[in-house]
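Notes follow once the structure below has been shown.
Small disclaimer: the values here were computed from a predicted structure and weren't measured.
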Amino acid sequence: MSTDTGTTTPPRATRKEWLGLAVLALPTVLIAMDLTVLHLALPTLTADLRPGNTELLWIVDIYGFLIAGFLIPMGAIGDRIGRRRLLLIGAVAFGAASAISAFAVNPAMLIAARALLGIAGSTLMPSTLSLIRVMFQDPKQQGAAIGAWTGFFGLGTVIGPLVGGTFLELFWWGSVFLLGVPIMVLLVVLGPLVLPEYRDESVARPDLLSVIMSVVGILGLIFGLKRIAADGLSLESGLAIAVGLAVGALFISRQGRIRQPLIDLSLFRNKLFGTALGMLVLATLLSAGLQFLVMQYLQLVRGLDPIQAGLWTLPITLGVMIGAMGGPTLAGRMKLSTLLSGGLVVSALGMVLLARVSGPSDLFLAVAGTAVIGLGLGPMISLGTGLIVGAAPPERAGAASAMAATGTELGSALGVAVIGSVGFAVYRADLADRLPEGLPASVGTAAKDTLAAAADVARTLPAADGSRLLSVAREAFVNGLQTTAIVGAVLAVLLAAAAATLLRTARMPGPPPLTEADDAANSLEKVDN
């Protein structure tokens, strides 16, 4: 259908595209699950592999950091060799790395396997979102598909603990990783049947130096934060942070000078793009970080077994899903800045509830607070992705998709590292003042490592001493949870004010109508089955 202006109406998706979206949900949900599925497995994993505090944090978040570090170069590779092809290659690699993780025999092996999982996962995320842009060209259908994509990611994040709890009740801790194997097999079988291929052979090979610099910059910064959490501020941690920031600055400078940058800096000339990306990172940081601590509270403070703790995440799941899936619907009925700032205020109220948790008896407050946090942050997470992708011109849609996925992954990983590090730092300092007298120095040192380690060492002591140690360790952990919740509430209120101000004229963008030239180009670039 053409118009007098020489444009054509974007084609509407058929049943095949919607089936393809369902297939793309498989890797999206799984990648998100792997960010949180370990939260409940940590106590049994710690008892088996005995990682230190720093090793424990690496086990949890090396996966997310490497996904974030490699997303953009993998997006460029997918544009060059084919997005479906990269998706299927990544699925095979992800399944293999999952099996290795499941049978790790020491912390180093598990960290290495989680790193491989992260690199494999980075091939999946940009492929899913960029294929959605190809499959759904009608503005309303594309908005619904992107909303569903963010819903899939949110669903995976919150059902990870529930599924993990079920598997931990029935099997050993490594079984949580084996979930990825059948899901990836299903993706490899169904993907070629319902997903189109899309590639642009004019895209140059990714700049290797930029890839190295992006990963070094991210890992240097996070390593420094981990060392501060483990041992306090030191020359080593300060140097790592300085190196990370310096390499990051050089990386950004290089992107403005080379012909084929990994990050197209011109995208940031659009204020909406930069604002939405920053808020997406911070929103996912708060959501993932606080959920990480609450999962520890349910099992180590409240004393729930894995399946019980998993079941108590259902209200949290409901809050996140209502917020993420309801955001696009409300965006058509009220001002976008009002919706997003209001949601952030709601999340701050949830954090206030969480800050009132004072011990094992406050289970309802912990669960209700986290559910309200998810309800409030859900619209920012789902609509933020749509704003980022839609704010970019059509020829830069692939780069924008990679940036949106990077923001989500980096925010989730930073949430565990930054919020988790703050919580652990408060725990360690508070426990040092509360340790019962008469305990061996080695016991105190081990207990200050993590709450899981404190619970483990308490079982080796006489009943009275073990009970006293576990009691003060739980009190110290709750104080860390309260502190991080208060910090999060302040940040959420500041974000709400920023959203009300910076997004006051923003609207959800839709893709422009296809020109006849665009239609012809698409027919050449999109290679169907």
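For F364, there are no ring-ring contact (aromatic ring centres under 6.0 Å, His included) partners two or more places apart in sequence or in a different chain. Here V281 pairs with nothing under the side chain to side chain contact (heavy atoms under 4.5 Å, CB included) rule; sequence neighbours left out. Not a single side chain to side chain donor-acceptor pair (under 3.5 Å) links T123 to another residue, sequence neighbours left out. The salt bridge (Lys or Arg N to Asp or Glu O under 4.0 Å) test applied to R468 returns D465, not counting sequence neighbours. The side chain to side chain contact (heavy atoms under 4.5 Å, CB included) check on S175 picks up F167, F171, W172, with sequence neighbours excluded. With sequence neighbours left out, the side chain to side chain contact (heavy atoms under 4.5 Å, CB included) criterion links A120 to A93, F94. Partners of T501 according to the side chain to side chain donor-acceptor pair (under 3.5 Å) rule, which considers only residues two or more places apart in sequence or in another chain, do not exist here. Partners of V247 under the side chain to side chain contact (heavy atoms under 4.5 Å, CB included) rule, at least two apart in sequence or in another chain, are M213, V216, V243.
Looking at M279 and L503, their side chains come closer than 4.5 Å, going by heavy atoms from C-beta outward. With a 4.5 Å cut-off on side-chain heavy atoms, Y297 and T370 do not count as touching. At a threshold of 4.5 Å between non-hydrogen side-chain atoms, the residues L293 and I419 count as touching.
Here the closest heavy-atom approach between residue A454 and residue Y427 is recorded as CB-OH, 3.5 Å. The minimum heavy-atom distance between S337 and A499, with the atom names listed, is CB-O, 3.7 Å. Across all non-hydrogen atoms, the minimal contact from M135 to L21 is CE-N, 3.8 Å. The two residues D362 and R356 have their closest heavy-atom pair at OD2-O, 3.8 Å.
Under the 3.5 Å distance criterion, the side-chain polar atoms of R474 are matched with a main-chain donor or acceptor of L300. Using a distance-only test at 3.5 Å, with no hydrogens or angles considered, no donor-acceptor pair links the side chain of S287 to the main chain of A283. Judged by distance alone, the side chain of Q299 and the main-chain N or O of M295 form no donor-acceptor pair under 3.5 Å.
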>> side-chain contact (heavy atoms from CB on, under 4.5 Å), that's the test. Do L298 and V367 meet it? Break it down for me.
In response: CA-CA 9 Å; L298 291 176; V367 173; 4.2 Å; yes

> Can you check side-chain contact (heavy atoms from CB on, under 4.5 Å) on L117 and S98, steps first, answer last?
Replying inline: CA-CA 7 Å; L117 270 175; S98 296; 3.4 Å; yes

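Summarising the geometry, atom CE belonging to M74 is positioned 7.0 Å from atom CD1 belonging to I119; distances are rounded to the nearest 0.5 Å. Atom NZ of K448 is separated from atom CG of L431 by 7.5 Å, given to the nearest 0.5 angstrom. For the atom pair CG (L349) and CG (L344), the distance works out to 11.0 Å, reported to the nearest 0.5 Å. Interatomic distance, L336 CG to L330 CG, rounded to the nearest 0.5 Å: 11.0 Å.
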Contacts table for residues 479-493: side-chain donor-acceptor under 3.5 angstrom, sequence neighbours left out:
from: N479; atom 1: ND2; to: D430; atom 2: OD1; distance (Å): 3.4
from: N479; atom 1: ND2; to: D430; atom 2: OD2; distance (Å): 3.1
from: Q482; atom 1: NE2; to: V357; atom 2: O; distance (Å): 2.6
from: T483; atom 1: OG1; to: N479; atom 2: O; distance (Å): 2.9
from: T484; atom 1: OG1; to: G480; atom 2: O; distance (Å): 3.1
from: T484; atom 1: OG1; to: L481; atom 2: O; distance (Å): 2.9

